Each structure stands twice: as structure tokens, then as C-alpha cells.
Amino acid sequence: MGFPMKIGIDFGTTNSSVAVARNGVVEMASFASSSGLSESFRSVLYLDMVKQAGGLTGVKSWAGNIGIDEYLAADPKGRLVQSLKSFLSSRLFDKTEILRRMYTLEDLIARILRDIREQAETQFGVPIRDVVAGRPVRFVGSDKDEDDQFAVARLEKAYLQAGFEKVQFVMEPVGAAQYYESRLDHDELILIGDFGGGTSDFSLLRVGPGIRERGRRPNDLLGNAGLGLAGDAFDARIIRKLVSPALGAGTQISSMGKMLPTPNWVYAKLERWHHLSFLRSRETINMLESVRAQSQEPERIEALLHIINEDLGYQLHRAVQKTKCELSAATAARFHFTDGTVEIDSMVTRAQFEEWIVEELRSVETCVDGLLTRCKVERSAVDMVFLTGGSSFVPAVRKIFADRFGEEKIQTGNEFTSVARGLALM
Ligand SMILES: Nc1ncnc2c1ncn2[C@@H]1O[C@H](COP(=O)(O)OP(=O)(O)OP(=O)(O)O)[C@@H](O)[C@H]1O
Ligand SMILES: [Mg+2]
């Protein structure tokens, strides 16, 4: 192996990517998946019991695209965990039990990062110990800077546990800005909007070849802003409107002569990918079994139990994702999910979807307007707006910027890799 090399890693809520820059030329790491090589590594971890030598059983884990393949092939299923990045700011998530073993959040994330590091080492042919790592401006669930610092400290711990020795954190939208700058032949004041799975991040900054040549100054970065919501929050609305009612949300149970609502907290967890697979605990299942016995709609609670017991979070995610992505390209789409005796099938229009996510869109507007006000920058002073991240494909998200800055100022590109590319260039 050659000399150690520094790489850029964008550990995303949904997708991660890795890039290296050699003499200003960026190379992406590719990862194997059932549909060929991909520059995205799914940020998931699959754990399952396996028979080991001597007939003992132990837990084995697989990260990323390979983890999904293992999960899909398994019967019965182990445990697939998604959107782990969204737990980083949560002090409630310290340790968790999976398949009768205890894990810290850092253990689970480190397992994914280790795989990413090792696969990148194999591809680039050098040991990798140094990393420029992305971080969101505001983590999911964070209310204040203290929560973000707590989250970054945990993420750093996970990187170190994964075998990295030096971790330098950079705001994800600043990373995306570096990538955008590499395409420029003049200087600009740009607004970056990075809409991912977990977070929406914004930076307002001056970039360009002139700035790079004279040397960057701290005040070239006018400001950052962030929101702990993005694609996963849009998915949550689809679950709430289309899926949960079919699984008994809002139905009644009769208990000792009284009518009570089916416990709502279960559906709140069902809506969030990072919580869903943790619903599969003995207590929750026992509780739902007794709910089923008293329910006015027992077959719906049975369907919910089926999804939890069979660990169908990934399939549900895939169905929601498909509908959501189709709605970015067409004005209506079908939602279809089926497994065993569970079948949910309905049509959704883009207008309906936009109505469901109206609160999230408002928060984005407030956040962007607040950033400009705080930086004392008029909309007309912004030269270009660079939108990136998978959720920037949502037309209503794009419209927020087109309305404010004009369609002609919107730039896009490399939605899933711009952050890692920029981090590598730093
Ligand atoms: N065509 C599309 N239309 C709408 N949403 C999409 C589309 N393609 C991908 N997405 C959504 O984009 C999100 C993933 O984007 P991305 O990979 O940029 O996020 P991430 O970097 O993993 O997350 P974060 O930056 O928040 O940590 C998912 O919520 C996915 O459903
Ligand atoms: Mg991202």
C-alpha cells in the first residue's frame, strides 16, 4: 500500500459517499450493490444471528448495500437499522439491545464507518487514517448548540472507533460549496441549500477562483443555518396519511367498558425510520397483542404487528421512497405496499403531498429568510443558489428558491455526491 491519504466522507442519514482529491481531480469510491457499482453507500446496518464454528450462535453485522441484500435474503429476518445519524443528538439513546446484545450508538455507526474506510482503502490502495468529515449545521432532534456539540462529539467517537485517527469536521453545505466553486470561472456570492434525508442545511458564502487565489478569509463565509428535517420528515407525512390509518391509527379499543384510542406513540415511532426497527421489543409487541384483542379493527392491528415482527421497515421505506420520487417527476403517483396479508394501495397527487408537507416547507422558508436577514444580505445580492441533496428534487422545495431568487439563478448537480467531493477538495 502507498502513502496514507486524507479523504472526504459525507456520512449521510440515508446515503454516504467518499471522495479523494489528487492534484485537484476528484475520485469517488464505488461500492458494490446488487444493481452494480454505486457511488452511494446506504447508511444502514443489518444484524443477524449466525451459526458459528462449534455450533454456537453469534451476531454478525453487514453495512451498506450488502447489508440490504443480506436483509432481503434472510428468513426470518434479523434487524435492519436505518437513519442512525438522526439519533446522534439524543441523550435518550445511550445503549440499545439488538438480538440480545447491547450496543452504543457509536458502536453501530462505527461499524458502518469502518466498512466505508476499509472499502475505500481497498479501492484507493492506501491506508486511510485522516478524514475531512461532514456534519449538518443542526442535527435532527437538536434544539440548541449544546445538542449539536454533543452530537459531533459522538460522531467523532464513532470515527475514531472505526479506525480513523484524525477527524476534521466541516459543515456539509460548506463542503457542497467547495464542490460548486470547483466549477466556477469567476467569483460569486452563493447560497447553498443541501436537502438530505435527515437535515436541511444552508450556507451563504463567497466563492470562486479569485477568492481562492487571494486566500480565504473567515468573513467569506457569511453564515450557516440548518433544520433537523428533510426527506425522512416528508416520508413521515406519507406514513401518517397513507400507511398508519391502514394499520389501526385513530381506531378504538374497548377496555373495561370504555372506548379508548389505540396508543398514538406507536404510530409516531412508525413514522420515523430511525425509530421503526426499535419498535420490535417484547414489551411493545405484548402491548400490541393485547390491543389487538380489544380492538374494534383487530385486522389492522394484526397488520401493524406483522410489519413490526417481520422487520419490514426497509420495504416500507422503499414503497414510500418510490411514491415520493415519482411525485417529483409526475403530478400523481400510486402508493403500493404488500407483504403477507397486508396490502395498502392508493393514489396520491403532488398537490396532496405538498399539502401534507406544508409545515416543513414553511420551516425551510423561515430558515432561509432568517439566514439572509441575519447576514444583512438582500435577495438580489445573491448571485446563484446551488441546490443539492436528494430532497432538492422535490419541486416544492425548489420553488421556495425560484420564488425568492428567480428560476435563472438555480443551479443543481451531483445531488448525492457534491458534499463528499467538496470535502475531498478541502
Ligand atoms: N427524486 C427524488 N424526489 C424526492 N426525494 C428524493 C428523490 N431522490 C432522493 N430523495 C430523497 O433524498 C433523501 C436522501 O438524500 P441524500 O442522500 O442527499 O441524504 P443524506 O445525505 O443521506 O442525508 P443528510 O444530509 O440529511 O444526512 C431521501 O430522503 C430520499 O428519499
Ligand atoms: Mg447529505
Side-chain angles (χ1 to χ4, degrees), residues 8-19 31 38-44 64-65 82-89 109 112 116 133-142 148 151-152 155 169-177 179 192-203 226-239 271-274 314 316-331 333 348 350 353-354 356-357 360-361 364 386-399 412-423:
I9 297 190
D10 176 22
F11 172 63
T13 311
T14 316
N15 301 297
S16 297
S17 50
V18 181
F31 303 97
S38 165
E39 290 179 351
S40 288
F41 185 94
R42 279 298 294 266
S43 312
V44 301
N65 313 330
Q82 311 188 75
S83 293
L84 280 167
K85 188 181 177 185
S86 297
F87 280 119
L88 280 164
S89 78
I109 293 179
I112 299 176
I116 289 178
R135 56 151 288 191
V137 178
R138 265 273 179 261
F139 282 81
V140 172
S142 154
D148 291 314
V152 170
L155 186 54
F169 283 102
V170 171
M171 296 288 181
E172 287 160 15
V174 173
Y179 161 73
I192 304 285
D194 176 13
F195 294 88
T199 60
S200 301
D201 295 283
F202 310 98
S203 291
L227 276 178
L229 62 87
D232 283 1
F234 299 163
D235 298 347
R237 297 294 178 184
I238 297 180
I239 298 280
E271 286 175 9
R272 303 316 304 254
W273 303 129
H274 57 299
Y314 176 75
L316 201 53
H317 184 272
R318 201 163 54 180
V320 167
Q321 181 108 336
K322 185 166 180 289
T323 306
K324 188 176 67 170
C325 292
E326 283 174 16
L327 287 173
S328 293
T331 54
V348 198
R350 187 190 283 167
F353 174 61
E354 290 178 351
W356 298 345
I357 62 169
E360 286 75 11
L361 297 171
V364 169
F386 179 59
L387 299 181
T388 191
S391 297
S392 69
F393 286 116
V394 173
V397 166
R398 193 187 160 101
K399 184 170 182 297
T412 56
N414 276 321
E415 279 74 8
F416 297 102
T417 58
S418 63
V419 174
R421 285 172 189 275
L423 295 173

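Quantities reported herein were computed from a predicted structural model and do not represent experimental measurements. Both ligands and their constituent atoms are indexed starting at 1 by order of listing. In what follows, every heavy atom counts, from backbone to side chain, and hydrogens, waters and symmetry copies are set aside.
For ligand 1, the atoms sitting less than 4.0 Å from at least one non-hydrogen atom of Q321 are 30 (C), 31 (O), numbered in the order shown with element in parentheses. Each of the following atoms of ligand 1 lies closer than 4.0 Å to a heavy atom of E172: 25 (O). In summary, the atoms of ligand 1 found under 4.0 Å from a heavy atom of K85, numbered by their order in the structure, are 24 (P), 27 (O). Below 4.0 Å from some heavy atom of G198 lie the following atoms of ligand 1, by number and element: 23 (O), 24 (P), 26 (O). Per-residue contacts place V394 under 4.0 angstrom from the following atoms of ligand 1 (heavy atoms of the residue considered): 4 (C). Per-residue contacts place T199 under 4.0 angstrom from the following atoms of ligand 1 (heavy atoms of the residue considered): 26 (O). Interface of G231 with ligand 1, defined as ligand atoms under 4.0 Å from a residue heavy atom, comprises 29 (O). Residue contact check: G196 has heavy atoms under 4.0 Å from atoms 13 (C), 15 (O), 16 (P), 18 (O), 19 (O), 23 (O), 24 (P), 25 (O), 26 (O) of ligand 1.
Scanning all heavy atoms of the two residues, the minimum distance from S43 to T13 falls at CB-O, 3.8 Å. The two residues V137 and D201 come nearest to each other via the heavy atoms N-OD1, 2.7 Å.
Taken from CG in L155 to CG in L84, the straight-line distance is 11.5 Å, to the nearest 0.5 Å.
Scanning the protein for heavy atoms near atom 17 (O) of ligand 1, the closest one is N15 ND2, 2.7 Å. With hydrogens left out, the protein atom closest to atom 10 (N) of ligand 1 is G390 O, 3.4 Å, a heavy atom. In terms of protein heavy-atom proximity, atom 4 (C) of ligand 1 is closest to S328 OG, 3.2 Å.
For the pair C325 and F393, the minimum side-chain heavy-atom distance is 4.5 Å or more. Side-chain contact between D194 and T199 is absent, with no heavy-atom pair separated by less than 4.5 Å.
The pair R421-E415 fails the salt-bridge criterion, with no side-chain N (NZ, NE, NH1 or NH2) lying under 4.0 Å from an Asp/Glu carboxylate O. The pair D235-K324 counts as a salt bridge, with a side-chain nitrogen and a carboxylate oxygen less than 4.0 angstrom apart.
Remark: aromatic rings of F87 and F139 are distant, center separation not under 6.0 Å.
Comparing heavy-atom distances from atom 24 (P) of ligand 1 across D235, T417, T13, T14 singles out T13 as nearest. Between the choices A233, P136, G228, G197, the shortest heavy-atom distance to atom 23 (O) of ligand 1 belongs to G197. Residue S391 holds the heavy atom nearest to atom 11 (C) of ligand 1 of all those in A420, S418, S391.
Ring geometry for Y314 against H317 counts as parallel: the plane angle stays under 30°, on a 0 to 90° scale with 60° as the upper cut. Taking the six-membered ring for Trp and thresholds of 30 and 60 degrees, F202 and F195 have ring planes more than 60 degrees apart, a perpendicular arrangement.
If you look at C325 next to ligand 1, the close heavy atoms, those under 4.0 Å, come from the backbone and the side chain alike. At a heavy-atom distance under 4.0 Å, no atom of F234 approaches ligand 1.
The one candidate from E354, E360, E271 that meets the salt bridge (charged side-chain N to carboxylate O under 4.0 Å, His left out) condition with R237 is E360.
For the pair K324 and ligand 1, the shortest N or O to N or O distance falls below 3.5 Å.
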